[in-house]
J.: 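Here you go, one structure.
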Amino acid sequence: MPALRQAEPYEMIVRRSPPHLRPYALGAAGFRTRTAEDARMLPLNAATLIVDFTGMSPIVTGPRATATFAVHTPWRHGMAVGLTPAGMSALTGAPVREVAGATVPLADLLGVRAEELAGRLGESASWDERFALLWERLTAWLRPGPGRDHLIMRAWWRLQAPDCPRTIAGLAAELGVSRRYVELGFRRVVGLSPKTVARIARFQRTVDSWRRPSATLDAALSCGFADQPHLSREVRAMSRLTPAQLFAFVQDTGRLAE
């Protein structure tokens, strides 16, 4: 989801996707802010579909291992959907590797359906209506592939879990394949190495642990880091912030309504 840092009050509403969509869509968020400010998009393992209701054409941003920045972002009122690698392919027809580290117009993937979706979501009277319409449209667009990459998707999901194997060799052994099979499969399907996916997943768990109002800076040490210096190095490399700065940023942007 886009991380929107605003000087003025804003609204963000997060919903999990329905069970039948969860292998494809991690969830969605609705957002509204009064003014356009600088935005920092944090590392993410999913592709993100962003639909803005105020005139910007819908886009898809790919998985990324480092933070990206936008000055005076045009995202003011809209929705964002996190897509798994399987979801990117099944919902847009494009493999997620084609958008890794990039941003592309959704119309390039979905044609006129992209603008139609933006228009209908913007015209809806409430967030409940928008989420219902979004799930209905994603379900209608769903075209799962033959499933030949199911083992790589199992590996991808395994790396998102807090108890994931500490090494890629351990992951491969757990799945009963070679490390090379996993590495080549991730490059082909995801566009990122499994080690990079594991680093991003650990970073995401860190950010999630800091979103709670009662969170403390030390909570991140339980997310898979060896020690405090390891945490500091990874946070700086991936967000260009110190842990204390990222903690403050997450606390500031983490106010959610369910």
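This structure is a prediction, so every number in the text was calculated from the model and none was measured.
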J.: Could you check if a side-chain atom of Pro19 sits within less than 4.5 angstrom of a side-chain atom of Leu21, using non-hydrogen atoms only?
T.: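 With C-beta onward as the side chain, the pair stays apart.
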
J.: Using every non-hydrogen atom in the two residues, find where Pro43 and Ala65 come nearest and quote the distance to one decimal.
T.: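 Shortest heavy-atom separation between Pro43 and Ala65 comes out as CG-O, 3.7 Å.
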
J.: Working to the nearest 0.5 angstrom, can you tell me the gap between Ile200 CD1 and Glu234 CD?
T.: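 Those atoms lie 10.5 Å apart.
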
J.: For residues 160-168, which side-chain N or O atoms pair as donor and acceptor with protein atoms under 3.5 Å away, sequence neighbours left out?
T.:
{"from": "Gln160", "atom 1": "OE1", "to": "Asn45", "atom 2": "ND2", "distance (Å)": "3.2"}
{"from": "Gln160", "atom 1": "NE2", "to": "Trp156", "atom 2": "O", "distance (Å)": "2.7"}
{"from": "Asp163", "atom 1": "OD1", "to": "Arg158", "atom 2": "NH1", "distance (Å)": "3.1"}
{"from": "Thr167", "atom 1": "OG1", "to": "Gly170", "atom 2": "N", "distance (Å)": "2.9"}

J.: Of all residues at least two apart in sequence or in a different chain, which pass the side-chain hydrogen bond (donor to acceptor under 3.5 Å, both in side chains) check with Ser232?
T.: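 None.
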
J.: Any chance you could measure Gln228, atom CD, to Arg233, atom CZ, to the nearest 0.5 Å?
T.: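 With rounding to 0.5 Å, CD (Gln228) is 11.0 Å from CZ (Arg233).
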
J.: If you define the side chain from C-beta out and look only at heavy atoms, does anything of Val81 sit under 4.5 Å from Thr48?
T.: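 Side-chain contact under 4.5 Å: no.
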
J.: Which residues pass the side-chain hydrogen bond (donor to acceptor under 3.5 Å, both in side chains) test with Ser17, sequence neighbours left out?
T.: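 Testing Ser17 for side-chain hydrogen bond (donor to acceptor under 3.5 Å, both in side chains), a comparison that skips the adjacent residues, returns none.
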
J.: Find out whether Pro243 and Leu217 are in side-chain contact, i.e. whether some heavy atom of one side chain is under 4.5 Å from a heavy atom of the other.
T.: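 Touching, per the 4.5 Å side-chain cut-off.
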
J.: Do any pairs count as a ring-ring contact (aromatic ring centres under 6.0 Å, His included) and have a residue in residues 80-124, sequence neighbours left out, and if so which ones?
T.: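 Of all non-adjacent pairs touching residues 80-124, none passes ring-ring contact (aromatic ring centres under 6.0 Å, His included).
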
J.: Is there side-chain contact between Leu117 and Trp141, with at least one heavy-atom pair below 4.5 Å?
T.: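 Yes, at least one pair of side-chain atoms sits under 4.5 Å.
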
J.: If you look at every heavy atom in Leu110 and Leu91, which pair is closest and at what distance?
T.: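 Looks like CD2-O, 3.5 Å.
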
J.: So Leu171 and Val182, side-chain contact (heavy atoms from CB on, under 4.5 Å) or not? Walk me through it.
T.: CA-CA 8 Å; Leu171 173 65; Val182 173; 4.2 Å; yes

J.: Would you check if Phe131 and Ile13 make a side-chain contact, meaning some heavy-atom pair closer than 4.5 Å?
T.: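 A side-chain contact under 4.5 Å exists here.
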
J.: Go through Ser193 and Arg187 one step at a time and tell me if the side-chain contact (heavy atoms from CB on, under 4.5 Å) criterion holds.
T.: CA-CA 6 Å; Ser193 72; Arg187 290 292 188 185; 3.6 Å; yes

J.: Do the side chains of Asp52 and Phe31 get nearer than 4.5 Å, heavy atoms only?
T.: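 Result yes, sub-4.5 Å side-chain heavy-atom pair found.
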
J.: Applying side-chain contact (heavy atoms from CB on, under 4.5 Å), can you list everything that pairs with Ser57, at least two apart in sequence or on another chain?
T.: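 Expected list: Glu115.
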
J.: Kindly give the heavy-atom pair with the smallest separation between Leu175 and Leu151, and that separation in Å.
T.: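 The answer is CD1-O, 4.1 Å.
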
J.: Return the OG to CE distance between Ser239 and Met41, rounded to the nearest 0.5 Å.
T.: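 Between atom OG of Ser239 and atom CE of Met41 there are 14.5 Å.
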
J.: How far does OG1 of Thr61 sit from CD1 of Ile50, to the nearest 0.5 angstrom?
T.: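 That separation rounds to 5.0 Å.
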
J.: Is a donor on one side and an acceptor on the other found under 3.5 Å between the side chain of Ser89 and the backbone of Ala86?
T.: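 Side chain of Ser89 to backbone of Ala86: no pair is present.
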
J.: Which pairs, with at least one residue in residues 214-240 and sequence neighbours excluded, count as a ring-ring contact (aromatic ring centres under 6.0 Å, His included)?
T.: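 Passing the test, one end in residues 214-240: Phe225-His230.
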
J.: Quick one: side-chain contact (heavy atoms from CB on, under 4.5 Å) partners of Leu184, sequence neighbours excluded?
T.: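 Counting only residues at least two positions away or on another chain, Leu184 forms a side-chain contact (heavy atoms from CB on, under 4.5 Å) with Arg180.
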
J.: Is Arg205 salt-bridged to Asp208, going by a charged N under 4.0 Å from an acidic O?
T.: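 A salt bridge is absent here (no side-chain N lies under 4.0 Å from a carboxylate O).
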
J.: Which residues satisfy the side-chain hydrogen bond (donor to acceptor under 3.5 Å, both in side chains) test with His20, sequence neighbours excluded?
T.: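 By the side-chain hydrogen bond (donor to acceptor under 3.5 Å, both in side chains) rule, His20 matches Thr139.
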
J.: Is Thr196 close to Val190 at the side-chain level, that is, under 4.5 Å between some pair of heavy atoms?
T.: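 A side-chain contact under 4.5 Å is absent here.
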
J.: With sequence neighbours excluded, what pairs up with Asp227 under the side-chain hydrogen bond (donor to acceptor under 3.5 Å, both in side chains) test?
T.: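 For Asp227 there are no side-chain hydrogen bond (donor to acceptor under 3.5 Å, both in side chains) partners, ignoring immediate neighbours.
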
J.: To the nearest 0.5 angstrom, please state how far the CG atom of Leu246 sits from the OG1 atom of Thr206.
T.: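 If we round to the nearest 0.5 Å, Leu246:CG and Thr206:OG1 are 8.5 Å apart.
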
J.: Name all pairs fulfilling the ring-ring contact (aromatic ring centres under 6.0 Å, His included) condition that reach into residues 183-213, sequence neighbours left out, sorted by first residue then second.
T.: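 Output for this query lists Trp210-Phe247.
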
J.: Using a strict threshold of under 4.0 Å (side-chain N to carboxylate O), is an ion pair present between Glu183 and Arg179?
T.: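 Salt bridge flag = yes for Glu183 with Arg179.
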
J.: Which salt bridge (charged side-chain N to carboxylate O under 4.0 Å, His left out) pairs, counting each pair once, include a residue from residues 122-143, with sequence neighbours left out?
T.: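 For residues 122-143, and leaving out neighbouring residues, the salt bridge (charged side-chain N to carboxylate O under 4.0 Å, His left out) pairs sorted by first residue read Arg15-Asp128.
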
J.: Less than 4.5 Å apart, side chain to side chain, heavy atoms only: is that true for Thr242 and Val235?
T.: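 Heavy-atom side-chain distance check fails, nothing below 4.5 Å.
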
J.: Should the ring pair Trp127 and Phe53 be called parallel, tilted or perpendicular, given that the plane angle runs from 0 to 90° and is split at 30 and 60?
T.: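 Correct class here is tilted.
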
J.: As an exercise, state the distance from CZ of Arg154 to CG of Asp149, rounded to the nearest 0.5 Å.
T.: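 Reported value, rounded in 0.5 Å steps: 13.5 Å.
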
J.: Please tabulate, one pair per line, all N/O donor-acceptor pairs under 3.5 Å involving side-chain atoms of residues 92-105, not counting sequence neighbours.
T.:
{"from": "Thr92", "atom 1": "OG1", "to": "Met88", "atom 2": "O", "distance (Å)": "2.5"}
{"from": "Thr92", "atom 1": "OG1", "to": "Ala94", "atom 2": "N", "distance (Å)": "3.2"}
{"from": "Arg97", "atom 1": "NH1", "to": "Arg188", "atom 2": "O", "distance (Å)": "2.7"}

